[in-house]
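Here's the structure, in structure tokens; my notes come after.
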Amino acid sequence: MTLKLFNTLTGKLEEFVPQNPPYVKIYTCGVTVYDDSHVGHGRSLIVFDTFRRYLEHLGYKVKFVRNFTDVDDKIINRANKECKHFMEIADRYIARYYEDTEAIGVKPADVEPRVTDHIPEIIEIVQKLIDKGYAYATPEGNVYFSVERFKDYGKLSKRSIDELKAGARVEPGEDKKNPLDFALWKRSKAGEPAWESPWGEGRPGWHTECVAFVFKHLGESIDIHGGGLDLIFPHHENEIAQAEALTGKPFARYWMHNGLVIVNGQKMSKSLGNFVTLREIYTKYHPDVLRLLVLSVHYRSPLDFSWEKMENTKKVYERIRQAVEDFETLKGLQIYEDTEGGLHPLYNTIKETEEKFFKALSEDFKTQEALAAVMELVTEMNKVRNEAFKQKKVSKRTLEAYESAVNSIKNTLRNIFGLLEDVLPRCPVKEVVKKELEPASGVFDEELVNLLVEVRQLARQKKVFDIADLIRDRLKEKGIVLEDTPFGTKWKKMSS
RNA sequence: GGCGGCGUAGCCAAGUGGCUAAGGCGGGGGACUGCAAAUCCCUUAUUCCCCGGUUCGAAUCCGGGCGCCGCCUCCA
């Protein structure tokens with residue numbers, strides 16, 4: 001099955017052919033570590049994590065690099081505000097980033113470079129750009145890329161230099177020759193982080209780091225470069241300008257951009273203040289619910305975030321989760337040998353679901369359509385489950401078919417979509433999740449709940465339903481939901 | 001203003017030239033239950049922002065409107 005991807009560079013859906021199969025080199029822009037990540041960052045991380053898992057599933061040998069920007073104005077500002085060293089701020093938010101992303105099932109990249117570990121590489125690139133005549137140093141100690149020297153400037157964002165000039169602003173005190181020129185190296189002000197360079201003490205501009213990371217860890221020409229839509233201009237345009245000015249080769253052959261997270265019609269961002277951090281999500285919902293929400297929307301479409309939508313997605317998630325967990329209950333039923341021969345009809349649904357699932361992903365990574373296919377399998381599983389529960393026994397043939405369905409979901413939703421890792425057998429519960437899911441009070445006694453359920457059961461047997469209902473209602477107020485099944489009462493904590 | 005994208009049921013969201021317009025949430029009806037919950041079944045768009053055009057045939061292609069969003073400044 002050929003994979004088709006929308007390439008921002010050409011504006012077209014294209015067949016994905018790696019430069020050097022089975023190897024795929026992919027780079028995405030990570031976060032600037034000056035604060036906790038929000039849902040907008042989460043979306044980008046989830047999309048590319050899932051995409052990487054999918055490529056691996058297809059048999060590609062993927063080398064995935066995602067950076068941390070650990071020196072920039074915002075980090076310095078924060079450090080000044082807290083009277084801390086900027087590295088302390090960066091380290092703190094990198095540590096928190098790992099907690100946040102682990103919870104949500106985002107695997108670490110193969111290489112996760114930091115700017116502060118690549119200063120010599122960055123200086124080398126800047127020097128080469130000067131040597132080749134694409135960049136110039138100013139007497140003030142800044143170095144700029146001369147945009148007009150690079151003839152393809154604007155090819156990614158589909159802009160011409162003339163158009164850009166019309167809207168360009170010149171900040172007072174800037175020493176650029178052309179307002180469109182961007183900084184490769186900035187002279188440090190007193191007290192700011194500074195590194196020795198041929199142009200005096202300074203620090204790198206934002207756009208060079210990604211080029212340095214790619215060159216060092218992946219090479220001069222990579223297969224896929226990803227990031228949020230908002231990075232197309234100027235960041236990615238500037239990356240292309242620097243890299244291709246140096247090598248003359250295509251920097252990245254496919255450019256993938258995820259759509260932005262929207263809140264009430266506006267982009268979620270720090271500056272607008274309409275953001276929700278990942279940690280805030282985790283205090284209210286299982287992280288998988290957010291992951292599922294992200295994958296319920298095509299990666300290039302805007303994603304309207306709302307708590308109503310989280311609630312909606314939670315129901316979908318619970319439905320999937322329940323179908324998977326019920327395998328354990330089914331196994332506990334009386335198992336009998338079936339006189340009926342032949343393949344169980346569920347196998348057919350599994351086959352169709354997987355076909356639809358992988359077809360959808362192969363067409364510009366349509367996770368939302370792939371998910372719809374799995375929902376149909378869930379419905380079929382529930383039918384089978386209902387029948388067995390009604391009879392209070394299950395045939396060996398049915399049980400095996402159900403297990404195959406669970407395995408299919410492991411293959412699709414767990415291995416590729418990165419969901420359900422703490423539900424399916426032999427997967428350790430993620431510590432962060434466990435911590436966040438505990439009720440704030442921390443008072444929770446399983447034994448006590450079991451006792452109440454037992455008392456209620458007795459009341460039901462004696463048909464004292466007002467007592468039984470009182471127990472059920474009061475437990476619900478405490479966030480514990482009771483379900484009466486043909487073989488006893490099950491209870492679970494609500495995740496919000 | 002320029003560039004890019006979008007407009008499908010109460011809501012989210014597939015479908016991009018031709019079978020009965022996926023899937024989910026919500027709503028209505030039913031089965032199950034002591035009552036619930038969960039689950040299952042049925043139902044919920046004669047129609048795809050509007051107006052023209054191409055075609056035997058369009059939500060899908062073309063032209064023109066209208067509306068929304070993003071980028072053009074740091075931003076996943």
Side-chain angles (χ1 to χ4, degrees), chain A residues 6 8 11 13 28-32 34 37-48 66 69 72-74 154 156-160 162-169 171 180 206 226-235 237 257-262 265-272 275 292-293 296-298 300-304 306 308-309 311-316 318-320 322-323 326 356 360 366 368-376 378-387 389-390 460-461 463-466 468-469 472-473 476 481-486 489-492:
Chain A
F6 183 86
T8 310
L13 205 59
T28 67
C29 293
V31 295
T32 301
Y34 74 107
S37 301
H38 64 233
V39 174
H41 303 117
R43 180 180 194 189
S44 193
L45 294 165
I46 290 166
V47 162
F48 288 106
R66 181 178 50 218
T69 299
D72 103 325
D73 290 344
K74 281 178 251 177
L156 181 71
S157 54
K158 319 258 185 292
R159 274 158 236 246
S160 72
D162 291 340
E163 274 165 31
L164 288 165
K165 266 186 182 165
R169 284 185 242 157
E171 297 293 325
L180 298 180
W206 175 40
L229 211 57
D230 52 350
L231 296 185
I232 294 174
F233 190 88
H235 186 55
E237 196 68 62
H257 290 99
N258 63 276
L260 304 180
V261 175
I262 306 296
Q266 278 190 307
K267 170 182 170 178
M268 179 181 286
S269 70
K270 285 294 282 187
S271 46
L272 288 168
F275 60 94
L292 185 63
L293 173 64
S296 304
V297 176
H298 186 59
R300 288 194 287 118
S301 303
L303 167 55
D304 253 295
S306 68
E308 290 83 351
K309 205 162 277 186
E311 201 54 34
N312 184 329
T313 307
K314 182 187 154 189
K315 285 177 185 148
V316 178
E318 290 299 335
R319 192 152 163 247
I320 298 167
Q322 194 64 52
D326 279 339
K356 283 186 198 165
K366 295 192 174 174
Q368 79 286 55
E369 224 175 304
L371 186 68
V374 177
M375 293 318 290
E376 293 177 55
V378 167
T379 300
E380 291 307 313
M381 288 167 77
N382 282 333
K383 282 187 204 172
V384 168
R385 186 213 68 165
N386 264 9
E387 191 54 34
F389 279 15
K390 215 156 78 185
R460 288 178 72 215
Q461 275 164 20
K463 305 210 182 294
V464 191
F465 293 120
D466 50 347
D469 291 348
R472 184 172 62 195
D473 292 346
K476 192 176 179 183
V481 182
L482 265 49
E483 284 177 29
D484 298 323
T485 72
T489 299
K490 291 199 302 185
W491 62 265
K492 61 183 177 191

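Throughout, a chain's letter reflects where its sequence line sits, starting with A, and its residues are numbered from 1. These numbers come from the heavy atoms of this one structure, side chains and all, not from hydrogens, waters or symmetry mates.
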note = If pairing means Watson-Crick or G-U wobble with both distances under 3.5 Å, then the partner of B/G70 is B/C3
message = OP1 or OP2 of B/A14 versus the side-chain N and O atoms of A/Lys356: is any pair under 4.0 Å?
response = no
note = note: A/Glu237, atom CD; B/G4, atom P; distance rounded to Å ~ 13 Å
ask   = If we call it a pair only when both distances are under 3.5 Å in a Watson-Crick or G-U wobble match, what pairs with B/G63?
value = B/C51
query = When the distance from CD of A/Glu369 to P of B/A21 is rounded to whole Å, what number comes out?
reply = 17 Å
query = Whole-Å distance between B/G70 C1' and A/Arg300 CZ?
reply = 14 Å
key: Atom pair distance, as rounded to whole Å: CD in A/Gln266 and P in B/A76   = 18 Å
request  = Return the value, rounded to whole Å, for the distance between atom CD1 of A/Ile262 and atom P of B/G70.
outcome  = 6 Å
note = Contacts of A/Lys366 and A/Asp469 projected onto RNA chain B by closest heavy atom; the upstream (5') one is A/Lys366
query = Taking CD from A/Gln368 and P from B/G15, how many angstroms apart are they, rounded to a whole number?
reply = 7 Å
query = How about A/Gln322 and A/Asp326: does a side-chain donor come under 3.5 Å of a side-chain acceptor?
reply = yes
task = Compare the minimum distances between each of B/G34, B/A14, B/A76 and the side chain of A/Arg460, then state the nucleotide with the smallest one.
result = B/G34
Nucleotide B/C25, atom P - distance to CG of A/Leu371 in whole Å = 11 Å
